[in-house]
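The structure appears below as structure tokens.
Here is the naming used below: chain letters follow the sequence lines, and residue numbers restart at 1 for every chain. None of the values given here were measured: they were computed from a predicted structure.
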Amino acid sequence: MRQSQLLIPTLKENPADAEVISHRLMLRSGLIRQLASGLYTWLPMGLKVIRRIETIVREELERSGVQEVLMPVVQPAELWEETGRWAKMGPELCRLKDRHDRDFCLGPTHEEVITDLFRREVQSYRSLPVNFFQIQTKFRDEVRPRFGVMRAREFTMKDAYSFHLDQACFDATYKEMYDCYSRILTRMGLDFRAVQADSGNIGGDNSHEFHVLAQSGEDTIVFASDGDYAANLEKATAAPPPARSESTEALQRLATPGVRTIEQLVEFTGVEAHRCLKTLIVAGDNGPVALVLRGNDTLNDIKAGKLEGVASPLRMATDAEVRSAVGCAPGSIGPVGLKLPTYVDHYAASVADFVCGANENDVHLTGANWQRDVPLPDASIVDIRTAQEGDPAPHGQGTLRFLRGIEVGHIFQLDRVYSAPMNAAVLDPDGNSIVTIMGCYGMGITRLVAAIIEQNHDDNGICWPEPLSPYDVHVVALNYERSESVQKAANDIEAHLTAAGYSVLLDDRGERPGVKFADADLIGLPHRITVGERGLKEGTVEYRKRTDSDNRNVPVNGVVECLRG
RNA sequence: CGGGGCGUAGCGCAGUCUGGUAGCGCACUUGACUGGGGGUCAAGUGGUCGCAGGUUCAAAUCCUGCCGUCCCGACCA
């Protein structure tokens, strides 16, 4: 392809609106242009990358026995009403009406549509298991689109859905998909981690996210220093704390005027934060609920939101609610004598002789102890703290370490959440109607483009991994327009490379060499062949890998061999 | 949705405080020179100053409202 004929609008300067490196480079190298917040046009080079990603994804999914379909973007409200999501989904579900005033939405996901397809077309256990995928546009009216295509409102997703008669069958497919995702990301040359994840409001223990490691990642992922434990921070848990030691202090009241925060309490009492317990009041299904944590811990609201009786999503009680429920202001609350349903974090439960609020303004208790001063039923001990770096890892696997990651894939068990209300059932061998178990497997195609760039760039631009590059080879012809020898040599090389199966971008523009080199680095094709009169006199051209810093002279007719070697 | 920025030529910005001819760099067009890491000179093209209303002899500039967009906190591929 002639570069002079391609729309590759490179930018010399960083666009003011782009913050993260991948977003900047995608704009600067002419991969995308923004249309509106969270909406992007993919230019020729960007689309090439998407196509190559899709090819890898397709090949591996088909290898895993998943069959491709394509469902509509626009979906009728009736299906969403069947599962209750028409009412449950907030404004992120973009709703619209057709000319007959019927309700539709832009699909943010396709569980309803695929389940509807399945129940209409599949009736026998003999057809199971079955797994469908599509690569298709999704629309989610995100609260805050950001970082370019990393979190866009309209984006391309590969989503797959499987149907099973029983759990064992599902487990096998889940494992297959886990391996499939690992193969896909490995083929792309990405440094990634599969981590245990929170499964959102779906439930079920089977849930893994696939994260591409990058500083700009929106998620914190936690892994064990000496083992294979890895989880999203939302889900991560530390090893249980050591058993509580014996109480040694007597319970005492302590006037603490003006002390509201743990920091102030530590300052005032001289007791370390991990022995000062904080009590948070959150909204519950039947009135407020108290949550007790160590002073040096922070609440994990995902974990807390799942507790029985606690409102989900989690909401902190207002000052007024706290006053009427506890009788004092936030800052002086404590578990002793508290007349509210109470959950105690397992680390807080392991503390003896602790300091806490006395449920009376400006008063705290010291030397407080579980069981002696306040009951601690086993059922109230839960894990609601956010794991900290350095915590002991579960199963004795060393300590917990943190990394940042970009979530590019998520696989999980849907169980019968959709199949039951929509009655996606088949007949088993005995003629019984069995509601199927479903699995769901997502991968963000357009987000992958950004993630790949986050991991493959340098100060000068993108460094495309070979399997994903928009073109394989960049032939940079210097003085192409005016030098017949350069023109002929460049054209010949392009022809030879093409015949050998390489895709070629030939820079035939009338730009000066400096401009061409700068653009070549920015665009970042993995291989660059520089054709100039200087070398041609010696019968050579120059080869340079994008990630190398030096050129290598190769004979004009030895370019294909050079790339193969 | 709460907090904070920003909207002036395709891109990056100055001008706004203190109202008075709409500017700079890059890009783009033409010509000349140049020709291996974003070159030089010359001449050009391109702007309802986000939108609407108001104040004023006069508004990019002051006032009001709205819109767009980005960043920081609750959702998700």
- Message: Under 5.5 Å centre to centre and under 30° between planes: does that hold for A:Phe517 and the six-membered base ring of B:rG38?
- Response: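 No, aromatic ring not over the base.
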- Message: I want to check one thing: is the phosphate of B:rA77, taken as OP1 and OP2, less than 4.0 Å away from some side-chain N or O of A:Thr156?
- Response: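 No, outside the criterion.
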- Message: Check this one for me: any side-chain N or O of A:Arg146 less than 4.0 Å away from OP1 or OP2 of B:rC72?
- Response: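 For B:rC72, OP1 or OP2 has a side-chain N or O of A:Arg146 closer than 4.0 Å.
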Quick one: does [X] reach the base of [N] with a side-chain donor-acceptor pair under 3.5 Å?
| X | N | result |
| --- | --- | --- |
| A:Arg24 | B:rG12 | no |
| A:Arg144 | B:rC75 | no |
| A:Asp521 | B:rG37 | yes |
| A:Arg544 | B:rG37 | yes |
| A:Asn479 | B:rG36 | no |

Using the [atom1] atom as the point on both nucleotides, what is the distance between [M] and [N], in whole Å?
| N | M | atom1 | answer |
| --- | --- | --- | --- |
| B:rU48 | B:rA43 | C1' | 28 Å |
| B:rU30 | B:rC72 | C1' | 49 Å |
| B:rA22 | B:rG5 | P | 30 Å |
| B:rC63 | B:rC24 | P | 28 Å |
| B:rC66 | B:rA74 | P | 28 Å |
| B:rU16 | B:rC28 | C1' | 29 Å |
| B:rC17 | B:rG50 | P | 15 Å |
| B:rC71 | B:rU45 | C1' | 36 Å |

Say whether [X] and [Y], considering side chains only, have a donor N or O and an acceptor N or O under 3.5 Å apart.
| X | Y | answer |
| --- | --- | --- |
| A:Glu538 | A:Thr540 | no |
| A:Arg546 | A:Ser469 | no |
| A:Asp508 | A:Gln3 | no |
| A:Asp116 | A:Tyr418 | no |

Checking all strands, does [X] fall into the base, sugar-phosphate, or nothing category for heavy-atom contacts under 4.0 angstrom?
| X | result |
| --- | --- |
| A:Glu142 | base |
| A:Ala451 | nothing |
| A:Asp519 | base |
| A:Met89 | nothing |
| A:Asn460 | nothing |
| A:Gly535 | base |
| A:Tyr181 | nothing |
| A:Ala16 | sugar-phosphate |
| A:Gly532 | base |
| A:Arg28 | base |
| A:Pro91 | nothing |

- Query: In terms of the angle between their ring planes, are A:His208 and A:Tyr174 parallel, tilted or perpendicular, with boundaries placed at 30° and 60°?
  - Reply: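 Correct class here is tilted.
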Of the candidate nucleotides [options], which contains the atom at the shortest distance from the side chain of [X]?
| X | options | answer |
| --- | --- | --- |
| A:Ala36 | B:rG38, B:rA74, B:rU69 | B:rU69 |
| A:Glu13 | B:rC13, B:rC11, B:rC72 | B:rC11 |
| A:Asn551 | B:rG38, B:rG36, B:rA77 | B:rG36 |
| A:Glu542 | B:rC76, B:rG36, B:rC1 | B:rG36 |
| A:Val515 | B:rU69, B:rC70, B:rG39 | B:rG39 |

How long is the line joining [atom1] of [X] and [atom2] of [N], in whole Å?
| X | N | atom1 | atom2 | result |
| --- | --- | --- | --- | --- |
| A:Arg512 | B:rU40 | CZ | C1' | 9 Å |
| A:Asn300 | B:rA74 | CG | C1' | 13 Å |
| A:Glu209 | B:rC75 | CD | P | 13 Å |
| A:Glu511 | B:rG38 | CD | P | 13 Å |
| A:Ile445 | B:rA77 | CD1 | C1' | 9 Å |
| A:Leu522 | B:rG38 | CG | P | 15 Å |
| A:Phe139 | B:rC76 | CZ | C1' | 14 Å |
| A:Glu218 | B:rC75 | CD | P | 12 Å |

Watson-Crick/G-U partner (both atom distances under 3.5 Å) of [N]:
| N | answer |
| --- | --- |
| B:rC6 | B:rG68 |
| B:rG23 | B:rC13 |
| B:rC49 | none |
| B:rC62 | B:rG54 |
| B:rA74 | none |
| B:rG31 | B:rC41 |

Ionic contact status for [Y] with [X], cut-off 4.0 Å:
| X | Y | value |
| --- | --- | --- |
| A:Lys278 | A:Asp297 | no |
| A:Glu494 | A:Arg2 | yes |
| A:Arg183 | A:Asp179 | no |

- Hey, which sits more toward the 5' end of RNA chain B by its nearest nucleotide, A:Gly148 or A:Val408?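 With A:Val408 and A:Gly148 compared, the 5'-side residue is A:Gly148.
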- Query: 5'-most contact on RNA chain B: A:Arg140 or A:Pro15, nearest heavy atom basis?
  - Reply: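 Whichever sits nearer the 5' end wins; that is A:Pro15.
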- Query: Cation-pi between A:Arg51 and A:Trp42: NZ/CZ under 6.0 Å from ring centre and within 45° of the ring axis?
  - Reply: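 A:Arg51 over A:Trp42 ring: no.
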- Task: Return yes if some donor-acceptor pair links the side-chain N/O of A:Arg140 with the main-chain N/O of A:Pro108 below 3.5 Å, else return no.
- Result: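 Yes, because the side chain of A:Arg140 sits within donor-acceptor range (under 3.5 Å) of the backbone of A:Pro108.
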